[in-house]
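Counting from 1, the numbers follow the sequence of the chain as shown. We use all heavy atoms of the structure for the numbers below, so side chains are in, but hydrogens, waters and symmetry mates are not.
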Amino acid sequence: MNIRNITSLAKVLSKNSEMKLPESTLYKVLAAFAALGIMIPCCGIVGFISYVMTEALLEVESPGGGMLFELQILSAFSMIFGILVIFSILFFSSDREHFVTLPIPAHHLMMSKFLFAYFAESVMEFMILISVFIGYFLAIGRNVGVGTALNPIGLISAVLGTALVPMVPMIYCAVFSLILMACLSKVKSTGVFYRMSTVFLLIFAGIFLFSLRGIGEINMENYVESLGSGNNLFLRTLNIIFFPVPWLSNAISENSILYLLLYIAGNILLLVILYFLGKALYQKGLYTAASLGSSKKAEIKAKDITGDSQLKACFLKEVRVILRTKAFSGNCAYINVLWPVGTAMLFHFTRNKGGMAEFLQMYAEGKDRAEMIIIMAVVSIAFIATALNSLASTSFTREGQHLSLIKYIPVPYEIQILAKAIVSIVFTYPCLLLTDIIMCIYLKAPVTQCIIFAVIMLLAHIISIVIGMSLDSVSPYQEWDDEYSALRGNLNTFFNMAIMMLCAAVASILGILIYEIIKLPIIVYYIVITAVLAGVTLRLLMVGPQKIVDNLEKL
């Protein structure tokens, strides 16, 4: 294995893989705010969870149990969400035809693409892993002693774990890609493969739900106890699948150099397996990908879009691009279903237990504080859900290298912008509305209140759309390699999420200020939040479309 050639090629692949930060003061401010408003708070929450779980498991003499559980959860999610990314990068990236003509061994190209995907996909996970280990060491230092916590073997193991924990699931994704692509040489369809991430998600979710059996009442205390006793089926299963991770946990918690060496050896073994499997199958998989890609393009070309109006034609074009592209359909359209489903599951499984039961009782008794919390939740969900699906913040990025066509087709900018906005509303707002209805059913809220929440959600939703489209019109990410790169490498999506989180925080602080500090009636919060959202929405609708048009003309 020529490691130098592989790493050099991986550096070449990474040069144009991500959207470059524009030389603009606005974008630099947004980047700083995004880091402070999203990444650091997320890492802080993860570190706090690690700290609390470690302290709880110290009582049952299993200090590494909480850390192990978090590491395995991260591994499972990496595998679920990494499978389609690895598949796309290995077999359907736009540089495939260019590299296969060069005198580069196919398996070297595969390993370089794997390393590029591994580092590109794991940046945020590296930060989360650092938080997990910091939370663990802080808990150990507080309860056992600083000397025990800062043992050199444990610290070295944590540093290696930060770099290597995401590798095992990514290797599995690459191995699945190679094997399934070899099988697809006869199937001639990638549909079965694109469903694999859903299959993995259902498998892990099923194992998790099954692990709840036998722990008694479903609460955090009982679940943590099952982790400490070693009887948790979910963790035991993940320990088998991602077998090097328990060795890392033992190396850190026991300061064991033997487990550290086992962990390193396990990762090397999996890399060697991937290397030789790629040597045997990758070239064949590239040929299969070429034939699948050409047949897919021919099929799509055969169907034209017809409509009796420009707006309808542009709208249908946007819908077809999103639904026919696996990356866009899963991450932009179908992801919205998680909000009503998650809300229904949250209320259904917790309505009679703990804090949720107390909250529902408080709301039923007409306590204003409960209404304030619900308003905060409604506004936050509308802002964050719209930003999370990135439909607005990738409106022009989705055009890719064909973005210039929007200037030359005989359709006014305003109509194209409106079509993209309507697409975001169609895919997002019905799910927000359903979330509102489910919430109100469990709260037993009157219909009028449900309608008020729906209006508030719509206003926040429109604000997020206009801001997202405006950001993407300033500097759309055009030179993306594949659709997954268009989503994960688009800084506009990241910045839009940061801004929406700030908007949600401001709305919540406004409620606390009005009700808790100034002691005004809750009706004042209803009036103020609705008036503010309506005013901002009206202003954005007045100036936003023209600003987007001006930005497009400058491209």
Could you check whether any side-chain heavy atom of [X] comes within less than 4.5 Å of a side-chain heavy atom of [Y], counting everything from C-beta outward?
X: Tyr413; Y: Glu553; answer: yes
X: Gln72; Y: Pro246; answer: yes
X: Phe427; Y: Leu323; answer: yes
X: Leu405; Y: Glu399; answer: no
X: Phe137; Y: Thr54; answer: no
X: Glu70; Y: Ile73; answer: no
X: Tyr477; Y: Leu403; answer: no
X: Ser75; Y: Leu238; answer: no

Rounded distance (nearest 0.5 Å) linking atom [atom1] of [X] with atom [atom2] of [Y]:
X: Asn492; Y: Phe396; atom1: CG; atom2: CZ; answer: 10.5 Å
X: Ile140; Y: Asn151; atom1: CD1; atom2: CG; answer: 11.5 Å
X: Leu281; Y: Leu286; atom1: CG; atom2: CG; answer: 11.0 Å
X: Met110; Y: Tyr275; atom1: CE; atom2: OH; answer: 8.5 Å
X: Leu68; Y: Asn250; atom1: CG; atom2: CG; answer: 8.0 Å
X: Ile171; Y: Leu270; atom1: CD1; atom2: CG; answer: 5.0 Å

Set of side chain to side chain contact (heavy atoms under 4.5 Å, CB included) partners for [X], sequence neighbours left out:
X: Ala174; answer: Ile86, Leu90, Phe114, Leu274
X: Ile335; answer: Leu338, Leu388, Asn389
X: Ile134; answer: Ile130, Leu138

So which atom in [X] and which in [Y] form the shortest heavy-atom distance, rounded to 0.1 Å?
X: Cys43; Y: Ile128; answer: SG-N, 4.2 Å
X: Leu235; Y: Phe69; answer: CD1-CA, 4.0 Å
X: Asn336; Y: Ala333; answer: ND2-O, 2.9 Å
X: Trp339; Y: Ala385; answer: NE1-CB, 3.3 Å
X: Asp472; Y: Thr394; answer: OD2-C, 3.3 Å
X: Cys173; Y: Ser78; answer: SG-O, 4.3 Å

Sequence-distant partners of Phe126, ring pair (Phe, Tyr, Trp, His ring centres under 6.0 Å), two or more places apart: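 Residues passing ring pair (Phe, Tyr, Trp, His ring centres under 6.0 Å) with Phe126: none at all.
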Taking it one step at a time, do Thr397 and Thr493 satisfy side chain to side chain contact (heavy atoms under 4.5 Å, CB included)? CA-CA 10 Å; Thr397 290; Thr493 298; over 6 Å; no
Taking side-chain hydrogen bond (donor to acceptor under 3.5 Å, both in side chains) as the test, write out the residues that go with Ser473, two or more places apart.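 Scan of Ser473 (side-chain hydrogen bond (donor to acceptor under 3.5 Å, both in side chains), adjacent residues dropped) gives Asn551.
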Check whether [X] reaches the backbone of [Y] with its side chain - one donor and one acceptor, N or O, closer than 3.5 Å.
X: Ser112; Y: Leu109; answer: yes
X: Ser470; Y: Val466; answer: yes
X: Ser395; Y: Leu391; answer: yes
X: Ser131; Y: Met127; answer: yes
X: Ser256; Y: Tyr259; answer: yes

Crowded around [X] [atom1]? As in, over 12 foreign heavy atoms under 6.0 Å?
X: Phe243; atom1: CZ; answer: yes
X: Leu261; atom1: CG; answer: yes
X: Tyr51; atom1: OH; answer: yes

Under the side chain to side chain contact (heavy atoms under 4.5 Å, CB included) test against Val423, which residue among Val321, Leu316, Val319 passes?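 Considering Val321, Leu316, Val319, a side chain to side chain contact (heavy atoms under 4.5 Å, CB included) with Val423 is found only for Val319.
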Before you tell me yes or no, could you show the steps for Ile409 and Gln416 under side chain to side chain contact (heavy atoms under 4.5 Å, CB included), namely the whole-Å CA-CA distance, both residues' side-chain angles and the distance that decides it to 0.1 Å? CA-CA 10 Å; Ile409 61 175; Gln416 298 184 63; 3.6 Å; yes
Test ring-ring contact (aromatic ring centres under 6.0 Å, His included) applied to Tyr282 and Phe91, step by step: CA-CA 9 Å; Tyr282 189 57; Phe91 294 107; 5.4 Å; yes
Let me check something: any side-chain donor-acceptor pairs from residues 157-165 under 3.5 Å, sequence neighbours excluded? List them with distances.
| unit_1 | atom_1 | unit_2 | atom_2 | d |
| --- | --- | --- | --- | --- |
| Ser157 | OG | Ile153 | O | 2.7 |
| Thr162 | OG1 | Ala158 | O | 2.9 |

Go through the steps to decide whether Met124 and Cys42 satisfy the test side chain to side chain contact (heavy atoms under 4.5 Å, CB included), and finish with yes or no. CA-CA 10 Å; Met124 186 63 182; Cys42 288; 4.1 Å; yes
Mind running side chain to side chain contact (heavy atoms under 4.5 Å, CB included) on Ile264 and Asn267 for me, showing each step along the way? CA-CA 5 Å; Ile264 296 172; Asn267 281 272; over 6 Å; no
